[in-house]
Asker: 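Please find one structure pasted underneath; my questions will follow.
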Amino acid sequence: MLKDLGENLFEEKKITKRTFALFTGLFLIMIVGIYSYFVVMQKSFIWQGDGFSQHYLIFKDYLALIKDYFADPSVGLPFWDWTNGMGADVLSAYGYYVIGDPFVYLGLLFPDSMTELAFHFLILLRLYFIGMAFLFYCREMKIGSSGALVGSMMYTFTFYVILNVTRHPFFLMPMLFFPLLCIGIEKILHNKSNTVFIVAIFLSACSNFYFFYMLSVLIFIYAVIRYFQLYGKKTIRHFLTYVWTSIYSYLIGLVLSSVLFVPIVGGFLQSSREPGEFASGLLIYPTKYYWSLILNVFVSERYLWTVFGFSSFALLLLPMLWMKRKEFGFISGSLALFAVILLLPAFGSIMNGFAGPYNRWTFAIPLFISLGAAMLFNSRFKLKEKEYSAMGALLLVYSGAIVLIMQVVGFKIAYIAPLIFAGMMWLLLVLANKQKAKKPLTRRSKWFYSASLLVVIMVDLGFSAMDYYYPWGQNKIELSLDYGTVDENYLSTFDGLEQELPQDKEISRIGVTSKDNHVKNQMIILEEMGLNSYLSVSNGFISNFAQQLETGQFQLIQPLRSGFDDRQIANNFLGVRYILTEKENEAYLPYGYEVAEDLSDKSSSFIVAETKNYFPFAYANTTYLTYESFRQLNPIEKEQFLSYGVIVESEEVDTTDLTLFDQPLEVKSEDYQLVSNDPSKASVEEEEIIIKESNGKVELIVDDPTALQNTEVYVYLEGLDFTPSTSDPLTRTPTSFTAKVALGERKKAIRQSDVLSFSSYIKRSEMLFNMGYQDGNSKEETISLQFSEAGEYALEDITVFVVPKDEGYSARVAEKRANQLNIEQFTNKMVSGSVTMTESSILSTTIPYTEGWKAEVNGKKVETILVNEGFIGLPLEPGNSAVTFTYQPPFLIVGAWLSLVGTIALAANHVFWNKH
């Protein structure tokens, strides 16, 4: 092999099977060198954050769904899953992660007991194919074998890849698809078949719509720049010929993917995602961002998802991009354009689908850097003195810049190491070319310099990866779960108590408390119905419901997390019969949930709490309120109304025979004095609170303490706006903070994330804290309000709401039970049952609203309506109503027909190209 390696390194031969074999060997060396430490430390690639809650969990569950289908195809594919939050469309929820990823289906070859091994193997297999795709691209570009091998190492082990091996494995796929798309464009521009481009579009559109958007923009940029490099200024007709070929080829590939792409994108468009303010309201990035563009080029760090971490060999490439810009052509032009795009948040926002200015598109830059590096490596013995002198000068300038920046950010060996590696590479190039200037290099000399340069590049890449993972660097390996523990972690979420719950026919859900932030998607693995979900694409109507009731823990991708702030009626309304939590959280159980001693294991650290007042899954209402009236209520009144009737749009429903709600709701506000016991840390001024030190605190002293007895107490902040007390001209001061309220045993916190905190950002102008039920013995009169960050907190109002014990509540719940839909069939495809009413009514369910659920009443199709801000409802006539709900993903049939059209178009395209 060493002989073969030598042959390929000192002669720029064409890329052959031998090149791919050599790449395989080099790839394995790198994998063993970088990831053997994970084996030694018994660590997995599963990140404790999203890896545990999303990536591995969804991979595992999706494989189980497919295997169950193969075991019994007669049941069909489950397109709806009741264990995912309150119920979710599988295509919409999983399409972002696994459904279109071809590697996922290789996991079906592994037995269930080896799913974790399959997850790891397939991540490394993705890396291998990323490198292979780049080699195929180099072959299309007629790059010599030796340079292609070097470029493939740089592309495969760039920091974007190293980062996402353990962070977001499905983020690796665009690194595979981009070279394939470029190959497709190259073939079109050279008047060859467009099939590769069509297939690449098809695969990338199926895989992930989010990255497909970025790939579409990037391949357009690539095609335009590459065209002008190849053809210069031709006629408009000549240019439009290639534009037309590219567009219709793109459309064929996209239409082919429609069976997945259309329903998945349709689900996204109805999701809880909110684009927010364009570019997060930024005209320029924080100063820290701009120096990070310089600092992070060769290190394993990132800022706002601008991911570089290239091999130091790229530093020697930079002067060549200018000095030989005709030879490097579109590489220089593309990188120059990308440099401009990186400068302004507006461009970042556009590349991110007009959302926040996060540069996840930077996965494309390594292709151009690696291709340029391959070309430089192939000309390593042909450098002129002015060229390697320019490399040396740039190395000195960049070293000076790093030294200056370290005066601000501090010294790290990771900042110096790339300079050392670049210096070694430069020295090898200088020595080789100086020696050649005196006399021709021997085969042995060429082999020595070539092999040495390759080794230094590989060690450089390996060091960067190790700096990211290993304890002597950033130690990110500590954020990974121990290998072999992930499945047990899922099963131990509630210490197995969920398995002891009664298995009766009544449909209900399992809830948690506000202290159970760790519970996200585990109900999917536990196969239990709950509320919690944590997905990039969540139902937008459920999000709206949570926002209307202003649950404090709400996030766009976790709308019903953390027990709905322990609010009684909300949990009852959503059908939560049992709450499972640790014993230490008992004080946070919603009012009406009592510890069930017969269901709680005394040897366990967990308890089971139960209520008799959970609402039925579906029930008929004769009392209603319009959305217009409902939205004028405060969030506590909104929650209270849910126990009385149903919210409908009067324009959609004939309300003639229904009763309009007109009763008073028992929500009172109490007077208090807002004071600060320590003016040095916090002070109270008109319409604002000044926090002078972190975690400064003020107190609300209620005028009549007895008013809190036998009531549920809420603290409501309105018109909240935070201005930090300090501002750093070099690093933008974050606007994030945490507000904490304490009353007795209960302490509640709500986090206001920073505007640049990715998908978790929403502006919380209002914050509602449920401080729980205070019994008749309570003597509490002081409510503390604490803010984590120093600054000015403008507030329009602070209200202390109290809700007296509702003596008629249980009777209203009993009425709903009397009018419930008697469910006869409940599956992932169908819900059916019957209900008898003597008057016209509205059937309200806790099925999250989506167009995919269709309904029949007594055998006749009935249009579903949106009720209660987020759920499916039906108008019912008097008498017995046999109701059947069936589910089919929205747009699936349309997508399937479009894919058929795409198949016909592909066949026609094949015939056309064969004729021409």
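For this chain, numbers begin at 1 and follow the sequence in order.
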Asker: Between F171 and F211, what is the ring plane arrangement, given parallel below 30°, perpendicular above 60°, and tilted in between?
Answerer: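 Perpendicular, since the angle between the ring planes exceeds 60°.
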Asker: Pick one: which of Y96, F209, F261 meets ring-ring contact (aromatic ring centres under 6.0 Å, His included) with F268?
Answerer: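 Between F268 and the candidates, ring-ring contact (aromatic ring centres under 6.0 Å, His included) is satisfied uniquely by F209.
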Asker: Please confirm whether R817 makes a cation-pi placement over Y619, using NZ or CZ under 6.0 Å from the six-membered ring centre and within 45° of the ring normal.
Answerer: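 No - R817 does not lie over the ring of Y619 by the 6.0 Å and 45° rule.
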Asker: Would you say K520 and Q54 make side-chain contact, with heavy atoms under 4.5 Å?
Answerer: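 No; the side chains remain at least 4.5 Å from each other.
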Asker: Do N571 and Y614 meet the criterion of a side-chain donor-acceptor pair at a distance under 3.5 Å?
Answerer: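 Not at all, the side chains of N571 and Y614 share no donor-acceptor pair under 3.5 Å.
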Asker: Would a 4.5 Å heavy-atom cut-off, applied to side chains only, mark S840 and P878 as touching?
Answerer: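 The answer is yes, as the side chains (C-beta and beyond) meet within the 4.5 Å cut-off.
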Asker: Less than 3.5 Å apart, any donor N or O on the side chain of Y714 or R567 sitting next to an acceptor on the other?
Answerer: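 No.
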Asker: Among Y534, Y56, Y97, exactly one meets side-chain hydrogen bond (donor to acceptor under 3.5 Å, both in side chains) together with D50. Which residue is that?
Answerer: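 Among the candidates, only Y534 passes.
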Asker: Would R561 and S533 count as having a side-chain donor-acceptor pair, cut-off 3.5 Å?
Answerer: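 R561 vs S533: no donor-acceptor pair found between side chains.
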Asker: Check G76 against K829 and note the closest heavy-atom contact, atom names and distance.
Answerer: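 Scanning both residues, the minimum pair turns out to be CA-NZ, 3.3 Å.
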Asker: Does a side-chain heavy-atom distance below 4.5 Å link P357 with F278?
Answerer: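 No, side chains not in contact.
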Asker: Would you call I579 and I510 a side-chain contact if the rule is heavy atoms closer than 4.5 Å?
Answerer: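 Side-chain contact under 4.5 Å: no.
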Asker: Please test S643 against F615 for side-chain contact (heavy atoms from CB on, under 4.5 Å), starting from the C-alpha separation and ending with a verdict.
Answerer: CA-CA 9 Å; S643 70; F615 290 18; 4.1 Å; yes
Asker: Could you check whether K638 makes a cation-pi contact with F630, meaning its NZ or CZ is under 6.0 Å from the centre of the six-membered ring and within 45° of the ring axis?
Answerer: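 Yes, K638 and F630 form such a contact.
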Asker: Just one of F661, F573, Y809 clears the ring-ring contact (aromatic ring centres under 6.0 Å, His included) bar with Y644, so which one?
Answerer: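 The passing option is F661.
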Asker: Is the shortest side-chain heavy-atom distance between R509 and T846 below 4.5 Å?
Answerer: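 Of all side-chain heavy-atom pairs linking T846 with R509, at least one is under 4.5 Å.
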Asker: Ignoring hydrogens and geometry beyond distance, is a side-chain donor-acceptor pair present between N84 and Y94 at under 3.5 Å?
Answerer: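 Judged by distance alone, the side chains do not pair up.
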Asker: Would you say Y624 and I842 make side-chain contact, with heavy atoms under 4.5 Å?
Answerer: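 Sidechains of I842 and Y624: no contact.
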Asker: Relative to each other, are the rings of W82 and F617 parallel, tilted or perpendicular (30° and 60° limits)?
Answerer: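 Rings of W82 and F617: perpendicular, as their planes differ by over 60°.
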Asker: In sequence, state the C-alpha distance, the side-chain angles, and the governing distance for N621 and S844, and then conclude on side-chain hydrogen bond (donor to acceptor under 3.5 Å, both in side chains).
Answerer: CA-CA 7 Å; N621 296 268; S844 61; 2.8 Å; yes
Asker: Evaluate the criterion side-chain contact (heavy atoms from CB on, under 4.5 Å) for residue pair L874 and V857; output intermediate values, then yes/no.
Answerer: CA-CA 9 Å; L874 289 175; V857 178; 4.1 Å; yes
Asker: Which of these, T513, N572, T611, sits in a side-chain hydrogen bond (donor to acceptor under 3.5 Å, both in side chains) with Y593?
Answerer: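 For Y593, the side-chain hydrogen bond (donor to acceptor under 3.5 Å, both in side chains) check succeeds only for N572.
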Asker: According to the interplanar angle, ranging from 0 to 90°, do the rings of W305 and H168 count as parallel (below 30°), tilted (30 to 60°) or perpendicular (above 60°)?
Answerer: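 Correct class here is tilted.
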Asker: Which label fits W853 and F885: parallel for a plane angle under 30°, tilted from 30 to 60°, or perpendicular past 60°?
Answerer: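 The arrangement is perpendicular - the two ring planes meet at more than 60°.
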Asker: Mind listing the closest non-hydrogen atom pair of W80 and G87 along with its distance?
Answerer: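 Looking at all heavy atoms of both residues, the closest pair is CZ2-C, 3.3 Å.
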Asker: Heavy atoms, side chains only, cut-off 4.5 Å: are K67 and L108 in contact?
Answerer: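 SC-SC contact between K67 and L108 confirmed.
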Asker: May I ask you to say whether R577 pairs ionically with D504, meaning some side-chain N is under 4.0 Å from a carboxylate O?
Answerer: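 Yes, this pair counts.
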Asker: Taking atom CD of E856 as the centre, does the number of heavy atoms from other residues, nucleotides or ligands within less than 6.0 Å exceed 12?
Answerer: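 Atom CD in E856 is packed in, count exceeds 12.
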Asker: Is there a side-chain hydrogen bond (donor to acceptor under 3.5 Å, both in side chains) between T836 and N880 once you walk through the steps?
Answerer: CA-CA 4 Å; T836 301; N880 183 69; 3.0 Å; yes
Asker: For the residue pair W361 and V217, establish whether any side-chain heavy-atom pair is separated by less than 4.5 Å.
Answerer: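 Sidechains of V217 and W361: no contact.
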Asker: What class does the angle between the rings of F541 and Y849 fall in, given that below 30° is parallel, 30 to 60° is tilted and above 60° is perpendicular?
Answerer: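 Perpendicular: the ring planes of F541 and Y849 meet at over 60°.
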Asker: Hey, can you tell me if F564 and F545 have their rings parallel, tilted or perpendicular (30° and 60° cut-offs)?
Answerer: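 Plane angle between 30° and 60°, so tilted.
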Asker: Would you check if there is a donor-acceptor pair between the side chains of T626 and S629 at a distance under 3.5 Å?
Answerer: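 Side-chain D/A pair, S629 to T626: present.
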